[in-house]
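Quick note on labels: first sequence line is chain A, next is B, and so on, each numbered from 1.
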Amino acid sequence: MSALLIYNSYTRQKEAFTPITPGHVGLYVCGPTVSGESHLGHARPYITFDVVNRYLQYLGYKVRYVRNITDAGHFEEEGREAEDKVAKKAILEMLEPMELVHKYTSLFHWGMRRFNTLEPSIEPTATGHIIEQIEMIKKIIAAGYAYEVNGSVYFDVKKYNDHYPYGKLSGRILEDLLETSRDLDGQDEKREKVDFALWKSAPPEHIMRWPSPWGEGFPGWHIECSAMSSKYLGKQFDIHGGGMDLQFPHHESEIAQSTIAHGCTPVNYWMHNNMITINGRKMGKSYNNVIKLTELFSGDHELLEQAYHPMVIRFYILTTHYRSTLDFSNEALQAAKKALKRLWDAYEVLQKLEDNGAATASYPELDKKVRDFCAACHTDMNDDFNTAKVIANLFELAPVINSIRQGQVPAGAISSDTLATLKTTFHSFMETILGLQPLKQEDTGKLDGVLQLVIAMRKDARTRKDYATSDKIRDTLGAIGIQLKDEKDGSVSYSLS
RNA sequence: GGUACCAUGGCCGAGAGGUUAGGCAUCGGUCUGCAAAACCGCGUACAUCGGUUCGAAUCCGGUUGGUACCUCCA
């Protein structure tokens with residue numbers, strides 16, 4: 001059995017995964033800012049790390065998965081007008097900040113549930129950890145790596161860089177940053193442009209504000225993750241995940257803050273998922289090309305040809321490795337939908353295959369093929385969570401399953417043991433690890449009763465060779481999304497789409 | 001401007017010095033009353049120009065094109 005390899009953004013190579021505490025994993029993922037509706041772009045990290053979480057659990061680890069909710073809002077840095085994103089939106093919509101935060105948090109949870117992501121163990125909010133953040137800032141000031149100006153506190157990046165490798169995570173060199181940072185208007189209280197805020201003094205109109213040793217204000221962008229991750233996972237923990245766009249400056253700053261406050265580097269393995277693009281462009285608010293989750297599921301968006309089931313989105317995301325960009329298009333999603341249906345159908349067929357009782361396989365080569373691809377699922381998953389390859393392996397196995405079912409290959413072609421392995425492999429990867437679910441609605445039982453009647457009537461018609469009637473039944477059902485399948489043995493099954 | 005990364009068959013998308021990726025679509029066949037589904041068969045693709053090598057899509061360099069980060073961002 002191969003060992004789990006994780007591509008560590010910090011060292012830029014795949015490394016064997018060894019947790020700090022044997023049998024346990026601390027996993028932190030940067031959560032959403034709940035100042036607006038979640039969109040397709042947000043789906044990627046949460047689905048990616050949901051699979052990471054699921055797989056670690058599958059491997060037997062006890063995982064503490066922490067994913068924060070950023071509800072304090074953040075301001076534009078670098079001299080632009082300090083404004084709280086949450087507060088700004090709140091005025092526009094005439095809502096209380098808390099009301100707004102609650103609304104979008106609920107929507108986010110709704111989306112995550114539809115994607116069948118497991119809930120994190122802890123979902124801490126930034127506003128609920130102001131004290132922890134203030135305490136951490138105090139430590140950094142005491143250590144001499146932060147300074148106060150007019151009620152705001154900034155981290156001294158230049159000094160930090162004299163002793164620690166600032167920029168290592170994101171591959172940046174401080175000198176370059178000092179030279180190339182753009183000049184932005186406004187007063188700059190910071191000693192250097194690269195310094196970042198730990199605490200920001202709140203102007204009078206700012207709604208969200210808290211008392212602090214430096215006056216009324218609000219925490220800087222990066223400090224919440226450092227404060228909350230260390231509180232729940234310890235000063236050093238195993239895996240920190242998030243989108244690639246957070247690598248700099250957010251994660252870089254997290255490392256700097258935590259290193260000074262806690263005297264050690266915070267994270268052993270940094271994982272970054274790549275972006276979802278649309279027409280080759282990153283999906284983001286600034287590009288005005290976002291598709292909200294609600295629009296995606298309802299199909300109500302000019303770029304969408306139809307509504308897409310959450311499982312299709314989940315499957316589509318998982319058919320690409322998490323470190324590659326993923327380009328969105330209707331065509332690609334259509335393909336994903338069909339592919340998922342075929343794979344899931346094969347999985348259902350597999351569940352119905354009865355144990356053939358064959359001690360040895362009559363088709364040894366096929367038997368070996370099945371075993372090899374089942375084994376490959378584990379190896380590929382261990383290779384930096386290569387879900388794309390895992391899915392390809394499952395697709396290799398689908399024809400084998402269908403062939404056995406339809407008798408193109410005899411039941412004893414693969415041994416009883418191999419069939420059992422095939423079943424557990426599909427179950428583990430499809431449901432437990434990839435977290436997939438069937439596309440069809442839950443059958444109410446009543447619909448099934450009706451369909452059985454209609455199927456029986458069609459069967460009668462066919463016996464009478466009344467094909468006009470039988471075809472009418474089939475085609476009409478097909479038109480409303482119920483597809484009949486005439487099986488080899490004369491039975492008829494159906495699938496809903 | 002600085003720093004990275006990426007360019008794969010009609011489309012999407014793995015892989016990574018010599019061995020099948022996979023999916024979707026198309027086409028042919030089997031099955032079928034006809035279909036659908038399923039099964040079988042078919043694609044010798046890796047931007048371009050050089051170089052290294054017995055051998056490169058995979059390594060090195062140049063070119064072109066694209067993207068991301070440097071500013072809120074998943």
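Here the separation of B/A7 from B/A14, taken at their C1' atoms, is 15 Å to the nearest Å. Comparing B/G55 with B/U19, their P atoms sit 15 Å apart, to the nearest whole Å. When the C1' atom is used for both B/C60 and B/G22, the distance is 31 Å, rounded to whole Å. Spacing of P atoms, B/C12 relative to B/U64, comes out at 25 Å, to the nearest Å. Nucleotides B/C49 and B/G13, compared at atom P, are 25 Å apart to the nearest Å. Rounded to whole Å, the P atom of B/G50 lies 28 Å from the corresponding atom of B/G1. Between B/U26 and B/C42, the two C1' atoms lie 11 Å apart (nearest whole Å). Distance noted for atom P between B/U58 and B/C70: 31 Å (whole Å).
A/R462 comes within 4.0 angstrom of a base, heavy atoms only. Within the 4.0 angstrom heavy-atom criterion, base atoms lie near A/M283. Among the heavy atoms of the strands lying under 4.0 Å from A/K485 is at least one base atom, whether or not backbone atoms are also near. Within the nucleic acid shown, A/S470 comes within 4.0 Å of at least one base atom, counting heavy atoms only. Within the 4.0 angstrom heavy-atom criterion, no nucleotide atom of any strand lies near A/L394. Within 4.0 Å of A/Q334, counting heavy atoms only, lies no atom of the nucleic acid at all. A/D471 comes within contact range of at least one nucleobase, with a heavy-atom separation under 4.0 Å. As judged by a 4.0 angstrom heavy-atom cut-off over every strand, A/G280 is placed among residues touching the sugar-phosphate backbone only. In this structure, A/K389 reaches the sugar-phosphate backbone alone: every heavy-atom distance under 4.0 Å involves primed, P, OP1 or OP2 atoms, never a base.
Between A/K389 and A/D383 there is no salt bridge, since none of the side-chain N atoms of the basic residue sits less than 4.0 Å from a carboxylate O of the acidic one. Salt bridge annotation for A/R67-A/D50: absent, with no cationic side-chain nitrogen under 4.0 angstrom from a carboxylate oxygen. Electrostatic pairing of A/R405 and A/D345 does not count as a salt bridge here, judged by no charged N lying under 4.0 Å from a carboxylate O.
Nearest nucleotide to the A/H42 side chain, out of B/C70, B/A74, B/C40: B/A74. Residue A/L177 places its side chain closer to B/C70 than to any other of B/A68, B/C70, B/A14.
For A/E119, the CD atom counts as loosely surrounded, since its 6.0 Å shell holds 12 or fewer non-hydrogen atoms of other residues, nucleotides or ligands. Counting heavy-atom neighbours within 6.0 Å of A/K423 NZ, excluding the residue itself, gives a total above 12.
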Show every donor-acceptor pair shorter than 3.5 Å between a side-chain atom in residues 473-482 of chain A and any protein atom, with sequence neighbours excluded, or say none if there are none.
unit_1 : atom_1 : unit_2 : atom_2 : d
A/T476 : OG1    : A/K472 : O      : 2.6

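Note that CZ of A/F315 is 9.5 Å distant from OG1 of A/T387, once rounded to the nearest 0.5 Å.
As a whole-Å value, the separation of A/D380 CG from B/G13 P is 19 Å. Going from atom OH of A/Y322 over to atom C1' of B/A14 covers 15 Å, rounded to whole Å. In this structure, the CG atom of A/L293 is 13 Å from the P atom of B/A74, given to the nearest Å. Put simply, CD on A/E175 is 22 Å from P on B/G1, counting in whole angstrom units. Atom P of nucleotide B/A36 and atom CD of A/Q483 are separated by 10 Å, given to the nearest angstrom. Atom CG in A/L397 sits about 14 Å away from atom C1' in B/U20, given to the nearest Å. When rounded to the nearest whole Å, the span between CG of A/N393 and P of B/G15 equals 12 Å. Rounding to whole angstrom units, NZ of residue A/K200 and P of B/C72 are separated by 11 Å.
Secondary-structure annotation of RNA chain B gives the stems B:1-7 with B:64-70, B:10-12 with B:22-24, B:27-30 with B:38-41, B:47-51 with B:59-63, with a stem taken as at least 3 successive Watson-Crick or G-U pairs whose two distances both fall under 3.5 Å.
Between A/H240 and A/Y28, the two ring planes are tilted [angle within 30° to 60°]. Using cut-offs of 30° and 60° on the angle between ring planes, the pair A/W270 and A/H272 is parallel.
Take A/Q483 and apply the side-chain contact (heavy atoms from CB on, under 4.5 Å) test, not counting sequence neighbours, and it matches A/K341, A/S495. Taking A/H301 as the reference, nothing meets the side-chain hydrogen bond (donor to acceptor under 3.5 Å, both in side chains) condition, with sequence neighbours excluded.
Sequence order on RNA chain B of the closest nucleotides to A/F373 and A/D486 puts A/F373 first from the 5' end.
Contact annotation: A/K193 side-chain N/O to B/C70 OP1/OP2 distance is not under 4.0 Å. Taking only side-chain nitrogens and oxygens, A/R342 comes nearer than 4.0 Å to OP1 or OP2 of B/C24. Within the 4.0 Å cut-off from OP1 or OP2 of B/A4, not a single side-chain nitrogen or oxygen of A/S170 is found. Checking the phosphate oxygens (OP1, OP2) of B/G15, a side-chain nitrogen or oxygen of A/N386 falls inside 4.0 Å.
Taken residue by residue, residues 402-409 of chain A places heavy atoms nearer than 4.0 Å to RNA chain B at A/N402, A/S403, A/Q406, A/Q408.
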>> A/T48 vs A/N273, test: side chain to side chain donor-acceptor pair (under 3.5 Å). Steps then yes/no.
In response: CA-CA 7 Å; A/T48 297; A/N273 63 275; 5.3 Å; no

Atom pairs under 3.5 Å, N or O on each side, protein against nucleotides 9-12 of chain B: can you list them with distances?
unit_1 : atom_1 : unit_2 : atom_2 : d
B/C11  : O2'    : A/E331 : OE1    : 3.3

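Aromatic ring centres of A/Y46 and A/F115 lie farther apart than the 6.0 Å criterion allows.
A stacking contact links A/Y467 to B/G33: the aromatic ring centre lies within less than 5.5 Å of the base's six-membered ring centre, and the planes differ by less than 30°.
Closest approach of A/S38 and A/H42 over heavy atoms only: CA-ND1, 3.4 Å.
In this structure, A/R114 forms a cation-pi arrangement with A/F297, its terminal cationic atom sitting closer than 6.0 Å to the ring centre and no more than 45° off the ring axis.
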